[in-house]
Amino acid sequence: MAELLSGKILSEQLTLKQKEKVAELKEKGIVPGLAVVFVGEDPASQIYVRNKGIACETIGIYSRTIRLDADCTQEKLTETIEDLNKDKQIHGILVQLPLPKHLDEQKTLATILPQKDVDGFHLINAGKLFTNQKGIVPCTPKGILFMLKDAGIDLAGKEAVIIGRSNIVGKPAAMLLLNENCTVTICHSKTKDLKEHTKRADILVAAIGKAKFVTADMVKPGSVVIDVGINRVDGKVVGDVDFEAVEKIASYITPVPGGVGKMTISMLMENTLEAACAQAL
Ligand code: GUN
């Protein structure tokens, strides 16, 4: 039976440390601040944005949510970000994705000052990750690496297989694991013989967005299985991995809920604190 990698427990431990860090910064006159820009009314995004606000409140970060109408112009969105770039109370800026279709995601992300880009989606931060330089790392991949390291899992030389090639998870996770000296394969919807790849994985990252997509026959016995999926099925949240079957053969597995999702928020708080410290210098 696999050991659980609990994002819930780990994020609770991080929350305590982050509270202390915020108190320390406040003594120096620094109040870390995070702005979340939310365009439109996507229901899943509503929940994420609310959770980010709650996390900030819990650890003492100043948070501001800027809501813009679904039909907001690119100019208005750009202007909003430029104001936040100049705002001394704000150390981190996050634009909730996806944006409504008429807005240009790349142009929007490029407007955020790289040092305030707590999502790590700006080309400068993506490029730093690509070239193994210190920058702001996207929250979900950073959370995955944190969990692996916390469990003492050796990464050098391991076969890491990632299913999913998104800019938010798949690609940055691949880069992080490559920087940790894993041998990395990125699989996606056009991959032939997916199972042939996943069966080789010592570390398998599932970031597909399909409920219970990864079945036991796709998993190497003794491997580490990281489930990034958040899917709603009959009112229940399930991951991209068939947990009940896969936990019987993996050595470690992340649950959903209580796994990677919790770490994503913790890492957003971490990135905001790091950004506040860097900007206070
Ligand atoms: N939408 C889904 N995941 C994310 C994320 O990590 N950051 C942002 N900004 N939007 C998202």
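In listed order, ligands and their atoms are each counted from 1. Basis for what follows: all heavy atoms, side chains included, without hydrogens, waters or symmetry-related copies.
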**OP:** Output every pair passing salt bridge (charged side-chain N to carboxylate O under 4.0 Å, His left out) with a member in residues 155-170, not counting sequence neighbours, ordered by first then second residue.
**Re:**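 As it turns out, the salt bridge (charged side-chain N to carboxylate O under 4.0 Å, His left out) pairs with a partner in residues 155-170, which skip direct neighbours, are E159-R200.
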
Starting from the N and O atoms of ligand 1, collect every protein N/O partner closer than 3.5 Å and put each pair on its own line with the distance to 0.1 Å.
| unit_1 | atom_1 | unit_2 | atom_2 | d |
| --- | --- | --- | --- | --- |
| ligand 1 | 1 (N) | Q96 | NE2 | 3.3 |
| ligand 1 | 1 (N) | L97 | O | 2.9 |
| ligand 1 | 7 (N) | D119 | OD1 | 3.2 |
| ligand 1 | 7 (N) | D119 | OD2 | 3.2 |
| ligand 1 | 9 (N) | V95 | O | 2.8 |
| ligand 1 | 9 (N) | D119 | OD2 | 2.5 |
| ligand 1 | 10 (N) | L97 | N | 3.0 |

Subject >> Qualifying residues under side chain to side chain contact (heavy atoms under 4.5 Å, CB included), relative to V256, sequence neighbours excluded >> reply: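 For V256 the side chain to side chain contact (heavy atoms under 4.5 Å, CB included) partners, ignoring immediate neighbours, are D227, V237.
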
Original post:
Can you name the side chain to side chain contact (heavy atoms under 4.5 Å, CB included) partners of N167, sequence neighbours left out?
Top reply: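 Q106, K171.
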
Subject >> Any donor-acceptor pair under 3.5 Å from Q279 side chain to H91 backbone >> reply: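 Yes; at least one donor-acceptor contact below 3.5 Å.
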
Subject >> Side-chain (S223) to main-chain (V219) donor-acceptor, under 3.5 angstrom >> reply: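 Judged by distance alone, no pair lies under 3.5 Å.
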
**OP:** Consider only side-chain N and O atoms of K212 and N231, and report whether a donor and an acceptor are under 3.5 Å apart.
**Re:**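 No, no side-chain donor-acceptor pair sits under 3.5 Å.
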
